[in-house]
> 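The structure under discussion is supplied below as C-alpha cells; questions concerning it will follow.
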Amino acid sequence: MTTIDLVAAVIFAIALIHTFAAKSIEHLAHSHPKHAGLLHLMGEIEVVFGLWALILMIAMAILSGGETAITYVESRHYTEPLFVFVIMVIAASRPVLEFVKLLIASISRMVPLATAVAQVWCCMALVPLIGSLITEPAAMTLAALMLAPLVFRPGMPEWLKYGALGVLFVNVSIGGTLTSFAAPPVLMVAARWSWDSAFMATHFGWKALLAVMINASAITFLLRKHLDDQQVEQVGERMPLTVSAVHLVFLVGVVVFAHHPVIFIGLFLFFLGFTKAYERFQNPLILKEGLLVGFFLAGLVVLGGMQQWWLQPIVSSLGPRSLFFGALGLTAITDNAALTYLGSLIEGMSDASKYALMAGAVAGGGLTVIANAPNPAGVALLREGFEDQSIGVLGLLAGAALPTAVAAAAFLVG
C-alpha cells in the first residue's frame with residue numbers, strides 16, 4: 001500500500017457516501033434556491049463518480065506528479081462507458097422502442113390478464129431476459145422507457161416504485177447470464193475461464209430464469225391494483241419496416257462489435273446521420289442521459305482501478321461459500337464487473353470458487369446504483385418519477401433486498 005493507494009481508497013469511500021447523500025442534497029436544492037443549480041449538480045448520482053475521479057487525479061498530480069496522473073488515466077479502459085452510451089441512445093430510439101413495444105403488446109394479448117398488468121410483467125421478466133441477446137444496458141434502457149408511464153409515475157406509492165426499481169435492477173443483472181457476451185461481469189472472465197454461452201446457460205441461465213420469473217410475478221402482483229390500462233402507451237404512426245430494420249441492424253452491429261470502440265463509434269456516427277435523414281420517424285435522442293451515464297461509468301473506472309490493493313486479497317482469501325456472500329456484499333460498493341475481473345487475475349482458482357464469485361456478483365447487481373453497469377442508465381431514465389426527481393440509495397437498497405435474496409437462493413440451491 002502506497003500513499004496514493006490510501007488516498008484513492010479514502011476518496012472512493014467519500015464518493016460512496018456522496019451517492020448515499022445525493023437525495024438529501026436534492027432536498028437542499030429546493031430549500032436554498034440561491035444555490036439550487038450547484039446543489040442539483042451535486043445531487044445528480046451520475047455526476048458523483050466523475051467528480052471524485054477528477055479530485056483523485058488532482059490528488060495524484062500533487063502527490064506523484066502530473067505525468068503519473070495522466071499516465072494512469074490513459075491506462076484505464078473506457079470501452080464499457082462508451083458502449084453503454086452508444087447502446088442506450090440506439091436502444092431508446094423511436095423505431096427500436098416501437099418495435100419492442102409492438103412485440104411486448106403482442107405477447108401481452110396472449111396472457112389472460114389486464115393489458116397494463118401483462119405489460120408490466122413482460123417488462124420485468126421478458127425484457128431483462130432479452131438482455132442476454134441485446135446486452136444488459138440495452139435491456140435496461142428499453143424496460144425503463146416502457147415502465148416509466150406505467151409504474152414510475154405520479155400516483156404510484158413511493159415504496160412500490162422502489163420495489164419495482166429493485167426488481168428491475170436485479171432481474172437485468174441476472175437476466176444477462178444466459179449467454180457469455182451480454183452481462184459485463186461475465187464478459188470480464190468468459191475468455192479467460194473458457195465460459196461459452198452453452199456453459200452459461202446450463203450453469204447460470206436456467207437458475208436466473210427461475211429467479212427472474214419469481215421476482216417479476218411478485219412485484220406485478222403488488223402493483224396490480226395501481227395499474228391502469230389507460231396508462232398503456234399506444235403505438236403512434238406506423239413505422240416503416242425499412243426504418244425499423246435499419247435501426248435494429250445498427251443495434252446488432254454495436255452488440256457484435258462491443259469490444260471494438262473504433263468500430264461501434266463509427267457505426268454510431270452513421271446512425272446519427274440516418275436519424276437526421278429520417279427525422280419524421282424519430283423522437284429526440286437521449287444524448288444527455290447517455291452522456292451522464294457514460295460519465296458516471298468512466299469515473300467508476302478511474303476510481304475503481306485504484307482499489308485492487310484491498311479488494312483482491314479479500315477475494316483470494318475466501319472459500320466458495322464465503323466468496324459467494326462476500327461477492328454479493330462487495331458488489332454493492334464496487335462494480336460487479338470489476339469484482340469478477342479481479343477474480344480472473346487470481347491463479348489456480350477452483351471451479352467452485354469461480355462459480356461462487358460470479359453468482360454472488362450478478363445476484364448483488366441490483367443493490368446499488370454502482371453495482372452493475374446498466375443501473376445508472378435506469379436511474380437516469382426513471383428518476384423523474386420519484387419524489388424530488390431523485391432516487392434514494394437506501395430506498396433502492398431496501399427495494400432490491402428481497403429480489404436479491406431470491407436470486408441468491410436460486411444460484412445457491414439450483
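None of these values were measured; they are calculated from a predicted model. If you read the sequence from its start, that first residue is 1, and numbering goes on from there.
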> I would like to know whether Leu227 and Val151 meet side-chain contact (heavy atoms from CB on, under 4.5 Å); could you show each step before the answer?
CA-CA 7 Å; Leu227 298 175; Val151 176; 4.2 Å; yes

> Are the side chains of Val111 and Trp121 in touch, meaning some heavy atoms are under 4.5 Å apart?
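The answer is no; the side chains never approach within 4.5 Å.
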
> Ignoring hydrogens and angles, tell me if any N or O in the side chain of Thr19 forms a donor-acceptor pair with the backbone of Leu16 under 3.5 Å.
yes

> Between His260 and Phe257, what is the ring plane arrangement, given parallel below 30°, perpendicular above 60°, and tilted in between?
perpendicular

> Taking C-beta and beyond as the side chain, do Met306 and Leu56 meet within less than 4.5 Å on heavy atoms?
yes

> Can you find a heavy atom in the side chain of Phe271 that is under 4.5 Å from one in the side chain of Val89?
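Side chain of Phe271 against side chain of Val89, heavy atoms only: contact under 4.5 Å found.
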
> Quick check for you: to the nearest 0.5 Å, what is the distance between Phe325 atom CZ and Leu330 atom CG?
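If we round to the nearest 0.5 Å, Phe325:CZ and Leu330:CG are 13.5 Å apart.
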
> Are Val73 and Tyr78 side-chain neighbours, meaning at least one heavy-atom pair lies under 4.5 Å?
yes

> Quick check: Tyr355 with Trp195 (ring centres under 6.0 Å apart)?
no

> For Val301 and Phe49, what are the C-alpha separation, side-chain angles and deciding distance, and is it a side-chain contact (heavy atoms from CB on, under 4.5 Å)?
CA-CA 9 Å; Val301 167; Phe49 278 85; over 6 Å; no

> May I have the step-by-step check of side-chain contact (heavy atoms from CB on, under 4.5 Å) for Asn375 and Ile370, ending in yes or no?
CA-CA 7 Å; Asn375 293 358; Ile370 68 172; over 6 Å; no

> With rounding to the nearest 0.5 angstrom, report the CD1 to CG distance, Ile333 to Leu339.
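Here the rounded value is 9.0 Å.
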
> Thinking salt bridges, do Arg383 and Glu46 make one under a 4.0 Å N-O criterion?
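Result for this pair is yes, salt bridge flagged.
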
> Run Trp193 and Ser344 through side chain to side chain donor-acceptor pair (under 3.5 Å) and show every step you take.
CA-CA 8 Å; Trp193 290 350; Ser344 72; 5.7 Å; no

> Against the six-membered ring of Phe221, is Arg224 placed for a cation-pi contact (under 6.0 Å from the centre, within 45° of the normal)?
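Ring-cation test returns yes.
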
> Side-chain contact test, heavy atoms from C-beta onward, threshold under 4.5 Å: evaluate it for Leu328 versus Leu367 and give yes or no.
yes

> What's the separation between atom CG in Leu241 and atom CZ in Phe99, rounded to the nearest 0.5 Å?
9.0 Å

> Between Phe274 and Phe250, what is the ring plane arrangement, given parallel below 30°, perpendicular above 60°, and tilted in between?
tilted

> State the CZ-CD distance between Phe386 and Glu384, to the nearest 0.5 angstrom.
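Here the interatomic distance stands at 12.0 Å.
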
> With heavy-atom distances below 4.5 Å as the criterion, would you say the side chains of Leu142 and Val96 are in contact?
yes

> Where the side chain of Ser180 meets the backbone of Val186, is there a donor-acceptor pair that is under 3.5 Å apart?
no

> Give a yes or no on whether Phe12 atom CZ has more than 12 heavy-atom contacts from other residues, nucleotides or ligands under 6.0 Å away.
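Yes.
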
> Just by distance, do the side chain of Thr177 and the backbone of Ile174 share a donor-acceptor pair under 3.5 Å?
yes

> Looking at Phe268 versus Phe85, is the centre-to-centre ring distance below 6.0 Å?
yes

> With rounding to the nearest 0.5 angstrom, report the CG to CD distance, Leu126 to Gln119.
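So the gap between those two atoms works out to 11.5 Å.
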
> A quick test of your reading: do over 12 heavy atoms of other residues, nucleotides or ligands sit less than 6.0 Å from OH of Tyr278?
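Counting neighbours around OH of Tyr278, 12 or fewer heavy atoms of other residues, nucleotides or ligands fall under 6.0 Å, so no.
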
> For Ile14, does its backbone N or O pair with a side-chain atom of His18 as donor and acceptor, under 3.5 Å?
no

> When you check the side-chain N and O atoms of His247 and Gln282, is any donor under 3.5 Å from an acceptor?
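His247 vs Gln282: donor-acceptor pair found between side chains.
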
> Is the backbone N or O of Gly319 less than 3.5 Å from a side-chain atom of Ser322, with the two atoms forming a donor-acceptor pair by type?
no

> Does one side chain, of Gln307 or Trp310, offer a donor that lies under 3.5 Å from an acceptor on the other?
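Judged by distance alone, the side chains do pair up.
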
> Quick check: does any side chain N or O of Lys161 sit under 3.5 Å from a backbone N or O of Glu387, one acting as donor and the other as acceptor?
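Absent.
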
> Classify the side-chain pair Ser350/Ser353 by whether it contains a donor and acceptor separated by less than 3.5 Å.
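There is such a pair (donor and acceptor under 3.5 Å, judged by atom type) between the side chains of Ser350 and Ser353.
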
> Between CD1 of Ile265 and CZ of Phe83, what distance do you get to the nearest 0.5 Å?
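It is 11.0 Å, given to the nearest 0.5 Å.
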
> If only atom types and distance count, is the side chain of Tyr72 paired as donor or acceptor with the main-chain N or O of Glu67 below 3.5 Å?
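Here the side-chain-to-backbone pair does not exist.
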
> Do other residues, nucleotides or ligands put more than 12 heavy atoms under 6.0 Å from the CD atom of Glu158?
yes

> How about Met140 and Leu381: do any of their side-chain heavy atoms sit closer than 4.5 Å?
no

> Would you check, one step at a time, whether the test side-chain contact (heavy atoms from CB on, under 4.5 Å) holds for Thr340 with Met358?
CA-CA 7 Å; Thr340 58; Met358 180 60 65; 3.9 Å; yes

